[in-house]
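First comes the structure, then the notes that go with it.
Quick caveat, the model's predicted, so the values are computed rather than measured.
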Amino acid sequence: QVQLVESGGGLVQAGGSLRISCEASGIIFSMYAMGWYRQAPGKQRELVAGITSEGTTNYADSVKGRFTISRDNAKNTVYLQMNSLKLEDAAVYYCNARRVFSRYWGQGTQVTVSS
């Protein structure tokens, strides 16, 4: 059974930092591309950052220079370091694992940014 379990969300002031994590089980983690998506109320889910199995990263323009995605294959975990958080970064953040025709989602972790 595949599980993606996000953690580390919470309340942070604008300008602050937060790191969220996603631990995977039930998959050969190192073979999967991993991504972080987010969905704010009334908005569509959007890709925030992705990292391939080889470690190549990509980011949404809105978070470039502020967010960093990384992975630790030994711990089956992908991270998203979020710095200089803005009010508009508030959302539920979802972890995604993708390989060929397989795609899995976590349950999401809430990130709230206060002014």
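Around CD of Q44, the count of heavy atoms belonging to other residues, nucleotides or ligands within 6.0 Å does not exceed 12. No more than 12 heavy-atom neighbours from other residues, nucleotides or ligands sit within 6.0 angstrom of CZ on R98.
Both cation-pi conditions hold for R71 and F29: the charged atom is under 6.0 angstrom from the six-membered ring centre and inside a 45 degree cone around its axis. Under a cutoff of 6.0 Å and an axis angle of 45°, R45 and Y37 do not form a cation-pi pair.
Both Y59 and V111 belong to a single network of hydrophobic side chains, linked directly or stepwise wherever heavy atoms of I, L, V, M, F, W or Y lie under 4.5 Å apart.
W36 places a side-chain heavy atom less than 4.5 Å from the side chain of C22. No side-chain heavy atom of V113 sits less than 4.5 Å from a side-chain heavy atom of L18. The side-chain heavy atoms of Y93 and E6, taken from C-beta on, include no pair separated by under 4.5 Å. Side chains of D89 and R66 form a contact here, defined as non-hydrogen atoms less than 4.5 Å apart. V63 is listed as a side-chain neighbour of R38, based on a closest heavy-atom distance under 4.5 Å.
Using a 4.0 Å cut-off between charged nitrogen and carboxylate oxygen, K64 and D61 count as a salt-bridge pair.
Going from atom CG of L80 over to atom OG of S21 covers 9.5 Å, rounded to the nearest 0.5 Å.
Pairing each heavy atom of A90 with each of A40, the nearest pair is O-CB, 3.8 Å.
Ring-plane geometry between Y104 and Y32 is classed as tilted, the angle between the planes lying from 30 to 60 degrees on a 0 to 90 degree scale.
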